[in-house]
There are 2 protein chains.
Amino acid sequence: MPENTDSDTFLASDAFAADLLRGHTDTIVLAVVSQGESYGFEIFKTIRDATGGAYEIKEATLYASYRRLLKDGLVEAYWGDETQGGRRKYYRITDAGRAVYRDNVGAWEITRGLIDTLLDLGRPARTGTTRPGRPQQ
Amino acid sequence: MPENTDSDTFLASDAFAADLLRGHTDTIVLAVVSQGESYGFEIFKTIRDATGGAYEIKEATLYASYRRLLKDGLVEAYWGDETQGGRRKYYRITDAGRAVYRDNVGAWEITRGLIDTLLDLGRPARTGTTRPGRPQQ
DNA sequence: TCGAGTACTTTATCTGTTACAGTACTCAAC
DNA sequence: GTTGAGTACTGTAACAGATAAAGTACTCGA
C-alpha cells in the first residue's frame with residue numbers, strides 16, 4: 001500500500017481523480033460484476049486493488065450506484081446465505097446490464113478521444129508537419 | 001456541419017459526451033486561451049471545430065466556467081473596443097491559469113489511465129500478450 | 001421588417017458525489 | 001469481557017457542475 005504522506009506522485013489519486021471519475025462509477029461497477037457475481041464490499045476492494053490502491057471509491061458513492069443499477073435493471077441482487085457472520089448482498093449483471101456496459105465503454109472511448117483532442121489545443125505549436133502526436137506514455 | 005438525424009456515428013457525441021466531460025470544462029477553456037486571447041463565443045466555436053462538430057458545449061456551461069476561472073484568477077477579462085456591432089469580452093490566461101492548466105492535464109492523464117484500467121476489468125480475458133489496441137479513428 | 005447569426009448573462013433544476021451518521025456482526029488482543 | 005479494528009450494508013443532507021430556458025442586444029442579408 002502506498003504511503004500517502006511523502007510521495008508527490010500519489011498526490012494525484014484521491015485529490016482529483018474522484019471528481020473526474022464522476023459519471024463513470026456505474027460503468028466501473030458493471031465492469032466488475034460482468035466478470036462474475038460479487039458483493040458490495042468485495043466490489044469496493046476489487047476497484048481499490050485494480051488501481052493499486054490509487055483510487056478508493058467512497059462507500060456512499062458505490063451504494064448509490066448499486067441503487068441506480070438495480071432501479072434500471074442492469075444488475076440483480078440477492079442476499080448470500082451466510083448463516084453466521086455479516087450478511088452479504090450479491091450483485092449479478094443482467095443482459096441489459098451487459099448491453100449498457102458495452103455502450104458505455106464505447107462512450108468512454110469517444111470521450112477520451114475528445115478530451116485528448118481538446119487538451120491538445122493547449123500544447124505549444126509543434127514544428128513537424130503531421131497531426132499532433134500523443135506523447136508516448 | 002453534420003446532420004444530426006441519420007448518422008449513427010453522430011449519436012455518440014452530444015448524447016453522453018456531455019455528461020462524461022463534466023469536470024473538464026475549465027481545463028478545456030484553459031487549453032483554448034493558453035493558445036492566445038479569445039472571446040466567449042469564439043472559444044465556443046474553437047471547441048466545436050476542434051472536435052469536427054462532434055461536441056458542442058452548451059453556452060450556459062461555458063459562461064459558468066468563465067465565471068469560475070475569473071473568480072479563481074486563472075483568466076483575466078476585458079471588453080474589446082468594437083465601436084459598432086456586438087460587444088465582445090476577451091479572456092486572457094494568467095500565470096496561475098497556466099500552472100493550473102498543466103496540473104489539470106496531468107490529472108487527466110492519470111484519470112484516463114485509471115478508467116482504462118478499471119473498464120478493462122470487464123473485458124473477456126485476452127489470449128495475446130499485448131495491450132488492447134485502440135480502434136483507429 | 002423579418003429571420004438568422006453573433007454575443008453575453010442569469011435563474012432554476014437536475015444529477016452524481018460525498019461527508020456524516022448509523023446499524024450490526026466477527027475476531028484478536030489486552 | 002470489553003475494546004478496537006475490520007467487515008458489511010444503508011440513509012440523509014448538502015454541494016457542485018451542467019444545462020434548459022429565457023432574456024437582452026446588435027448586425028446583415030433577403
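Just so you know, these numbers use all the heavy atoms, side chains as well, and skip hydrogens, waters and symmetry mates. Numbered from 1 within each chain, the chains take letters A, B, ... in sequence-line order.
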How many whole angstroms separate atom CD1 of B/Ile47 from atom P of D/dA18? 11 Å
Both A/Leu62 and B/Glu42 contact DNA chain C. Taking the nearest nucleotide for each, which residue is further toward the 5' end? B/Glu42
Atom CD of A/Glu59 to atom C1' of C/dA24: distance rounded to whole Å? 13 Å
OP1 or OP2 of C/dG16 sitting under 4.0 Å from any side-chain N/O of A/Lys58? no
Under-3.5 Å donor-acceptor pair between A/Arg22 side chain and C/dT15 base: yes
Over all atoms of both residues, closest heavy-atom pair of B/Leu62 and B/Gly40: CD2-O, 4.1 Å
Between B/His24 and B/Trp108, how do the two ring planes meet: parallel, tilted or perpendicular, split at 30° and 60°? perpendicular
Report yes if some heavy atom in the side chain of A/Val29 is under 4.5 Å from a heavy atom in the side chain of A/Tyr91; otherwise report no. no
By the 4.0 Å heavy-atom rule, please label A/Phe44 as base, sugar-phosphate, or nothing. nothing
Can you spot which of A/Ile57, A/Val33, A/Ile28 makes a side-chain contact (heavy atoms from CB on, under 4.5 Å) with A/Ile43? A/Val33
Rounded distance in Å - CG (A/Leu69) to P (D/dT10): 14 Å
So, OP1 or OP2 of D/dC9: does either fall under 4.0 Å of a side-chain N or O from A/Tyr39? no
May I ask you to evaluate whether B/Tyr63 reaches the phosphate of C/dT10, defined as a side-chain N or O under 4.0 Å from OP1 or OP2? no
What is the distance from NZ of B/Lys89 to C1' of C/dT6, rounded to the nearest Å? 17 Å
Does C/dG16 have OP1 or OP2 under 4.0 Å away from a side-chain N or O of A/Thr61? no
Atom CD1 of A/Ile43 to atom P of D/dA8: distance rounded to whole Å? 12 Å
Distance in angstrom units between B/Phe41 CZ and D/dC26 C1', rounded: 13 Å
Whole angstrom value for the distance that separates P of C/dT17 from CZ of A/Arg67: 12 Å
How many whole angstroms separate atom NZ of B/Lys71 from atom C1' of D/dA16? 11 Å
Counting just side-chain N and O atoms, does B/Arg68 come under 4.0 Å of either OP1 or OP2 of D/dA18? yes
Using a cut-off of 4.0 Å on non-hydrogen atoms, how would the nucleic acid contact of A/Thr25 be classed: base, sugar-phosphate, or nothing? sugar-phosphate
Heavy-atom side-chain proximity of A/Leu30 to A/Val75 below 4.5 angstrom: yes
